[in-house]
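Worksheet for the structure shown next.
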Amino acid sequence: MNINATLLGQTIAFLIFVWFCKQYVWPMMMGPIMERQAKIADGLAAAEKGLKDQEMAADNAEQAIKQAKAEAAEIVAHAKARDTQMIEEAKAKASEEAGRVMAGAQAEIDQEINRAKDSLRTQVSELAVAGASKILGKEVDAKAHKAALKELIEQI
Amino acid sequence: MASGNEVLTSGGYIKHHLTNLTFGQKADGSWGIAHGAEEAAQMGFWSIHLDSMAWSIGLALIMFFVFRKVAKGFSVDKPGKLQLFIESIFEFADTSAKDGFQFANVYIAPLALTIFCWVFLMNLMDLIPVDWIPEAFVAAGVPYMKIVPSTDINVALGLALAIFIMILYYSFKEKSPWGFFLELTTHPFSAKEFGIKSSGAQMAMNAILYPLNFVLEVVSLLAKPVSLGLRLFGNMYAGELIFILIALMFSGGWLMLSEGGYLSGTLLALGGGMLQIVWAIFHILVITLQAYIFMMLTIVYLNQAHEHGDH
């Protein structure tokens with residue numbers, strides 16, 4: 001329990017140790033520790049950025065899907081419209097064709113009627129001449145009564 | 001006869017355990033190792049405790065060796081257990097220094113680390129059973145061996161003296177000698193604080209107050225290292241003494257057993273053994289706490305040494 005030179009020795013040793021620690025030990029340990037801390041911070045930042053990117057990608061994907069859906073709907077609507085249009089066109093064409101066929105048939109019928117009428121007229125005139133000759137008992141000159149006959153035919 | 005003998009042996013035992021291996025100039029003028037506390041005391045100031053120096057410096061070297069070994073094998077990605085342990089100590093010292101010290105000084109954190117670890121290691125020697133190493137050295141022919149450096153007042157005060165030198169150095173450096181002198185004289189009392197307005201009265205008052213301040217401040221300045229050193233020394237010395245007394249109790253029990261006092265001998269030996277365990281566990285707390293206190297107070301004192309102006 002005597003105070004002696006140990007005191008000074010201890011003081012000097014301590015000061016040297018502190019200097020040594022500051023000079024050689026502290027930086028050797030704290031350097032890598034700081035490095036790792038920076039690395040961890042970077043890693044966390046990168047993870048956060050990755051999460052953000054993912055979120056953004058998800059957003060983009062959603063938007064793309066939405067757009068695709070809209071486009072598809074548009075295409076479908078377009079197709080439907082075209083469909084109806086085609087049907088209408090076909091219908092119109094068909095009715096037009098039908099009309100034409102009908103008109104042709106009508107014209108033929110009319111023609112037939114006229115032809116029948118014409119033949120009827122000649123037959124009527126012949127019949128009239130034959131009937132008249134029978135009644136009169138003698139030959140009737142058709143040519144001589146041509147005007148009267150024509151008038152008759154025209155009345156039929 | 002037995003009791004008288006026992007007191008003598010107990011006394012001798014304690015004295016032996018509390019005596020350092022002292023190297024110095026003997027009464028006859030030759031240099032050598034003191035045999036006995038009295039001879040050591042006669043050697044005066046220019047003698048040295050070989051055991052304290054060797055153990056403390058040895059522990060510091062082991063400490064730095066481990067630190068450097070870990071630092072060299074430092075793995076940023078895959079730290080081992082030892083590395084993580086050492087790292088946590090470094091970060092603990094770094095955090096303590098950052099929390100307690102508000103100025104820029106690259107020495108503070110390494111200083112805190114050195115103090116904490118070194119004082120802790122020196123204190124840790126207290127947990128080695130008191131007889132093992134001294135008895136081994138006695139068997140090897142070395143008369144005394146005190147293995148706990150922090151129970152040597154020279155070691156504790158030596159550390160405190162180094163802190164005191166740093167306090168003075170930074171006080172002079174940061175505040176300039178004149179600023180430091182002003183801080184010592186104008187605090188804590190000044191005429192202004194007593195509400196005296198006229199400058200003449202202020203000067204007269206300050207003429208009385210400043211010397212008083214100076215005395216007070218110098219005492220409080222000196223009290224810092226003294227209390228710092230004595231706190232560590234006192235705690236460790238008392239702890240060591242109790243370990244020695246417990247060891248005496250234990251061996252006293254065995255002595256009684258050998259003399260036929262079976263009941264009391266068993267109780268004493270068992271009690272000593274139990275106490276040893278309890279006190280050692282308690283001491284784990286004490287040695288850590290003392291190292292921590294020493295470190296924190298050093299940081300606080302050095303922070304004060306850097307502080308300018310009124311406070």
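Bear in mind the structure is a predicted one, so any value in this text is a computation, not a measurement. Protein chains get the first letters and strands the later ones, always in sequence-line order, with residue 1 at the start of each.
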Checklist entry - Any idea how B/W118 and A/F14 line up, ring-wise: parallel (<30°), tilted (30 to 60°), or perpendicular (>60°)? => result parallel
Item to check | Nearest heavy atoms of B/I153 and A/I3, plus distance in Å | outcome: CG2-CD1, 4.0 Å
Checklist outcome for this item: Heaviest contributor of heavy-atom pairs below 4.5 Å to chain A, chosen from B/L159, B/V76, B/L111, is B/V76
Item to check | Closest-packed option against chain A by number of heavy-atom pairs under 4.5 Å, given B/I86, B/D94, B/V106 | outcome: B/D94
Checklist entry - Any chance CZ of B/F85 has more than 12 other-residue heavy atoms, nucleotides or ligands included, within less than 6.0 Å? => result no
Next on the checklist: At a 4.5 Å cut-off on heavy atoms, which part of A/F20 comes close to chain B: side chain, backbone, both, or neither?
Outcome noted: side chain
Item to check | Side chain proximity check, B/D77 to A/K39, heavy atoms < 4.5 angstrom | outcome: yes
Item to check | Which of B/K72, B/E87, B/M53 touches chain A most, by non-hydrogen pairs under 4.5 Å | outcome: B/E87
Checklist entry - Any donor and acceptor pair, going by atom type alone, linking the side chain of A/N4 with main-chain N or O of B/G44 inside 3.5 Å? => result no
Item to check | Contact origin within A/L8 toward chain B - heavy atom pairs under 4.5 Å | outcome: side chain
Item to check | A/Q54, CD atom: more than 12 neighbouring heavy atoms under 6.0 Å | outcome: no
Next on the checklist: Tell me the closest heavy-atom pair linking A/C21 and B/P110, and the distance in Å.
Outcome noted: SG-O, 3.7 Å
Checklist entry - What's the spacing between A/T6 OG1 and B/L157 CG if we round to 0.5 Å? => result 11.5 Å
Next on the checklist: Rounded to the nearest 0.5 Å, what separates atom CD1 in B/I48 from atom CD in A/Q10?
Outcome noted: 9.0 Å
Item to check | Pairwise side-chain contact, B/F164 with A/T11, heavy-atom cut-off 4.5 Å (strictly under) | outcome: no
Checklist entry - Can you list the steps and then say if A/W26 with B/F67 is a ring-ring contact (aromatic ring centres under 6.0 Å, His included)? => result CA-CA 9 Å; A/W26 189 260; B/F67 285 172; 9.3 Å; no
Checklist entry - Looking at B/A162, B/S47, B/A40, which has the largest count of heavy-atom pairs under 4.5 Å with chain A? => result B/S47
Checklist outcome for this item: Applying a strict 4.5 Å limit to non-hydrogen atoms, the region of B/F74 in contact with chain A is side chain
Item to check | Residue, of B/M166, B/R68, B/M63, B/M43, that accumulates the most heavy atom pairs under 4.5 Å with chain A | outcome: B/R68
Checklist entry - Is it the side chain or the backbone of B/S75 that comes within 4.5 Å of chain A heavy atoms, both, or neither? => result backbone
Checklist entry - Non-hydrogen atoms of chain A under 4.5 Å away: do they reach the side chain of B/A109, the backbone, both or neither? => result both
Checklist entry - Out of B/P79, B/A71, B/A37, which one racks up the most heavy-atom pairs below 4.5 Å with chain A? => result B/A71
Checklist outcome for this item: Separation between CG (B/L161) and CG (A/L15), nearest 0.5 Å, reads 8.0 Å
Checklist entry - Based on non-hydrogen pairs under 4.5 Å, which of A/K22, A/Q23, A/M30, A/M28 is most in contact with chain B? => result A/K22
Next on the checklist: As an exercise, state the distance from CD1 of A/I33 to CD of B/Q83, rounded to the nearest 0.5 Å.
Outcome noted: 7.5 Å
Checklist entry - Is the OH atom of A/Y24 crowded by more than 12 outside heavy atoms at less than 6.0 Å? => result no
Checklist entry - Nearest 0.5 Å, what's the CZ-CG distance between A/F17 and B/L61? => result 5.0 Å
Checklist entry - When you look at CD of B/Q102, are more than 12 heavy atoms from neighbouring residues, nucleotides or ligands closer to it than 6.0 Å? => result yes
